[in-house]
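For reference, the structure discussed in these notes is given below.
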Amino acid sequence: MSSYDFQTIESKWQREWAAKQIYKTTIDHSKPKFYALDMFPYPSGAGLHVGHPLGYIASDIVSRYKRLNGYNVLHPMGFDAFGLPAEQYAIQTGQHPAVTTEENLTRYKEQLNRIGFSYDWDRELRTTDPKYYKWTQWIFIQLFESWYNTKTDKAESIDALITIFENEGNVNIDHNGEETENFTAEGWENKSRQEQEAVLQCYRLAFQKENTVNWCEELGTVLANDEVKNGLSERGGHEVTQKIMKQWYLRITAYADRLLDGLNTIDWSDSIKETQRNWIGKSQGASINFKIEASHHTIEVFTTRPDTIFGSTFMVLAPDHELVSQITTNVQRAEIEAYATIANNKSELERKKDKSVSGVFTGAYALHPFTQKKLPIYISEYVLSGYGTGAIMAVPAHDDRDHAFAKKFGIDIIQVISSKEEIDIQEQSYDANYGKLMNSENFDRLTVKEASQAIIQLAEERGFGTKKINYKLRDAGYSRQRYWGEPFPIVHQDGIPTVINELPVELPPVDSYEAKGTTESPLANNEEWVNYTNGGVNGRRETDTMPGYAGSSWYFLRYMDPNNDQEFVGKESLEYWNQVDLYIGGTEHATGHLLYSRFWTKFLCDRGHISFDEPFKKLVNQGMIQGESKILNLGNREVHIPINKLTKEGKLTPQIFNQIKSKDNRFNDISTENLTLDNGIIPLISKIEKMSKSLLNVVNPDDVSNQYGADTLRLYEMFLGPLEDSKPWSTKGIDGTYRFLKKLWALFYDQDGTAQWNDTAASKDSMKTLHKTIKKITDDINAMSLNTSVAQFMICVNELGSQKCQNKTVLEQVLILLNPFAPHITEELWNAIGNKGFIADATWPAYDEKHLIESSKLYPISINGKTRTNLEFPLDMSKDEIEKNVLANEIVRKWLDGKPPKKVIVVPGRIVNVVL
RNA sequence: GCGGGCGUGGUGAAAUUGGUAGACACGCUAGACUUAGGAUCUAGUGCCUCACGGUGUGAAGGUUCGAGUCCUUUCGCCCGCACCA
């Protein structure tokens, strides 16, 4: 072959690899394992853009590298295929979501294969496949049939809890959730089945409860907290309101502490760990009960600052706090109800927007537990029912919001922490994290820390308070009122949720994918399916479906044993493949998928189904590749121009614009005659933004592959910069990586196609180049510094080129090094120089330092830290000798100007610095 | 407001424990070859300066023989969380 014909080469080897199944993986105990995983994609209708493969290329490089180093590598791919876009498309067209999903998926697979990934497609999985979601349902059942034992600190069978209730009631069990009542063994016996189940629902790890939820009318479903961003749905940006509904939940809060602690054991980026810590939101403080005057009620508050309790001059309840209606005096009732109604109907977004200070007095007073002073009780929006107990002891002197409230309502402000600077506490709150107490009776002069301890201790002794840890993390909503998701294996019989053990429970056909204007899912449309009768169980099926994260929470386990129909994954596979060694994916899953996966993993570990309790040992977050949009400024508005229609230089001519217009009616009302031209070009604004179909700035990897080849695409994506960084896609630099591959080709074939390799001995320089490259590439891959690897390959090929290296062994070793990055061209040349078999089965070259050892070093000679010249000295020359030589040098003498130097620093093998 | 990350040429970016700032590319300039090409090769390219030299990693200060790297202050950008009690 005379020139580098990537089209022929790439399609040939992709066919060969598939035909010979060289990426098929089986358990092999003679080799160490390596599990490299990509976050599996949701196959959208838009297909892949060049941003998607960034992480996939990186993990493929590591996979191929590990394989060349003798590892047995598990590198699978699959699809997270349940989801809203397919369903919304189904609503519009009446087409079953499975059909569009299948189409999109086929396209994705073609696109992925075009890039030459080493996936074992025999292990492909789809969350929508009943053979897969059978086990998603099975895990749900395990959650349903488990509770969290705080004594053993792990999940255990719910049957064990029932046995405890039967034998001793709940006296020795930490009360959970809504359950507050104590009962004995006899008390348990005397409960009806419904009452017993109501108690168990307070313990099950998958349970139902009535609660305020994020309801999105536009999507017709509730959303989890991590699916709501700034009060709008993450998908689609629709308004989200608060609604009280009975929903399924997963008790992730039971794992809050372990999810927090586990972060210290895994190799993830600081930012993701920090995001998860924030989300879990652990804070230590105290729970304190305030008696209400002339009432049997008490208000429980959570505070992180018990030391400020003597500064508390009023209390505030959330408007929807359960005590509000009970304690409000008749005089205040009308006003309170009006305020509560307005506040409770506000969406989260409206509440956040409104920063004004507002509230209403209930007419009731609480009694300060230490001083017995009367504290007026208010309700206000600034206290959230979802955090802590939904009630606060307000300390206006040391909290901003409390201060603003006190000023508005004319409430006393008492400073209890002293400050070093002069401050007017009536004017501004003092956010005192340290200092000494004042106005606090016996606690005066204690530090903040000491006082917190002492006050909690006294409160405990007197029985009105206790140490408490609070979490922001809420239980995870697990119901979605949608069609295209996993059905619950649950039948409601006599008000009791009952498990269906015949799995899978398959999605039934429905007439319409749209819910009938209720809060029920479209599944409720199929009456026949909904009414369940089977072996003594009859009732109404659960019609909600599971959320998007259900299937993705455990998929990494299924890849290990994807076709097992007896177990979710077989024991041998689990033991062998174990944890994911390297997981690559975007940061957008920081609090969703990554937290849920960790939770499910810990749960499955607790119940003895797996032997490890963190799923992903090392996590790398690839950056986003942004698009460069081209925008036409029409004065009154800006219009995005499809970038794939522009000239190679990214220019828009009137001719091109007319072509665009003829095919796309969005541009109909723009006339080319009204546009001012600059040298025959329509001026456009460039803007870096998200790569998205709607912004017409998508670059398709297929186009790049067709023009330059997949190997060039792979190299270029890595060459763009550090994997973790976000960067805009620019086609400008791609010629450089393409040229590099052509230069590599030229090492093997001259212009006439004559083979260049032979067995003449390699020069010392070539050996040095090779071993320098082996070292650099090995180190770089281990450090995931793939951009610098590509640079090193360029240096290597440039050097071998100028050395006219024709040594077959050297060239062959370079091919192995480059193979993970550019699998096609290296396979072709590997084969061409006479190797049988595939380069994937070759062995990674060993680095030998002896080729890099130098006998002398070209020292940079600096004067006052600034390099002025370079002098070569033997590496074994003594410091004194070097100094003598340096000072004798003409240039150095010129700088010295006859005077002796103040100091000469010689760092052997590195540098010489002369100080004047 | 709190937490995490980042500021280096015209552009993407390199730079071990502090040790030649700008590797490798893109782009640009000049030239060679030529079946005129969006191919290939050679040389140059941080900025100022004809040059000697000066200057330079967001800004200011400090530690050091020596700072992109360490410390202090400050400005700007990105991401996450946020009436969180």
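Reckoned from all heavy atoms, side chains included, excluding hydrogens, waters and symmetry mates. Residue numbering restarts at 1 for every chain, and letters A, B, ... go by the order of the sequence lines. Here the structure is a predicted model, which is why all the values come from computation and not from measurement.
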For G66(B), the nucleotide meeting Watson-Crick or G-U wobble distances (both under 3.5 Å) is none
Once you apply the 3.5 Å cut-off to both distances, tell me the Watson-Crick or G-U wobble partner of U57(B), or none.
none
Quick check on RNA chain B: between Ser726(A) and Val912(A), whose nearest nucleotide comes earlier from the 5' end?
Ser726(A)
Taking G22(B) as the reference, what is the distance to G27(B) when you measure between their C1' atoms (whole Å, please)?
16 Å
Identify whether any heavy atom of Pro728(A) sits under 4.0 Å from a base atom; if not, whether one sits that close to sugar-phosphate; answer base, sugar-phosphate or nothing.
nothing
Nearest to the Phe719(A) side chain among A85(B), C81(B), C24(B), which nucleotide is it?
C24(B)
Checking N1-N3 plus N6-O4 or O6-N4 for Watson-Crick, or N1-O2 and O6-N3 for wobble, each under 3.5 Å, the partner of C6(B) is G76(B)
Testing C26(B), C24(B), A14(B) for proximity to the side chain of Lys732(A), the answer is C26(B)
With respect to the side chain of Ser271(A), which nucleotide from G38(B), C84(B), G4(B) is positioned closest?
G4(B)
Identify whether any heavy atom of Asn787(A) sits under 4.0 Å from a base atom; if not, whether one sits that close to sugar-phosphate; answer base, sugar-phosphate or nothing.
sugar-phosphate
In this structure, which one of Thr275(A), Ile280(A), Asn278(A), Leu473(A) forms a side chain to side chain contact (heavy atoms under 4.5 Å, CB included) with Thr591(A)?
Thr275(A)
For atom P, what is the distance between A15(B) and G3(B), given to the nearest Å?
29 Å
Asn470(A) side chain N/O closer than 4.0 Å to the phosphate oxygens (OP1, OP2) of C84(B)?
no
When the P atoms of G1(B) and C84(B) are compared, how many Å lie between them, rounded to an integer?
14 Å
Audit row: Asp399(A), Arg401(A), salt bridge (Lys or Arg N to Asp or Glu O under 4.0 Å) steps and yes/no:
CA-CA 6 Å; Asp399(A) 182 288; Arg401(A) 296 152 302 166; 2.7 Å; yes
Closest contact, heavy atoms only, Ile413(A) versus Ala406(A)
CG1-CB, 4.0 Å
With a 3.5 Å limit on both atom pairs, tell me what G22(B) is paired to, counting Watson-Crick and G-U wobble, or say none.
none
So does Phe290(A) get a backbone contact from the side chain of Thr298(A), meaning a donor-acceptor N/O pair under 3.5 Å?
no
How would nucleotides 50-65 of chain B be written as a contact map, 5' to 3', with B for base contact, S for sugar-phosphate-only contact and - for no contact, using protein heavy atoms under 4.0 Å?
---SS-B--------B
Arg401(A) side chain near G1(B) phosphate (N/O to OP1/OP2, under 4.0 Å)
no
Shortest non-hydrogen separation from Arg598(A) to Trp268(A) and the atoms involved
CD-CH2, 3.5 Å
Taking only the side-chain nitrogens and oxygens of Asn621(A), find out if one of them lies under 4.0 Å from OP1 or OP2 of G5(B).
no
Taking only the side-chain heavy atoms of Ile795(A) (C-beta and beyond), determine which of A15(B), C24(B), C81(B) contains the nearest atom.
C24(B)
Does any nucleotide pair with U29(B) by Watson-Crick or G-U wobble geometry, both distances under 3.5 Å, and what is it?
A43(B)
Pairwise distance CD1(Ile625(A)) to CE(Met691(A)) - rounded to 0.5 angstrom
7.0 Å
Just by distance, do the side chain of Asn214(A) and the backbone of Val240(A) share a donor-acceptor pair under 3.5 Å?
no
Answer yes or no: is there an ion pair linking Lys884(A) with Asp880(A), defined by an N-O contact shorter than 4.0 Å?
no
For G53(B) and A21(B), measure between their P atoms and round to the nearest Å.
16 Å
Nearest nucleotide by nearest heavy atom, which residue falls closer to the 5' end of RNA chain B, Ile392(A) or Thr591(A)?
Thr591(A)
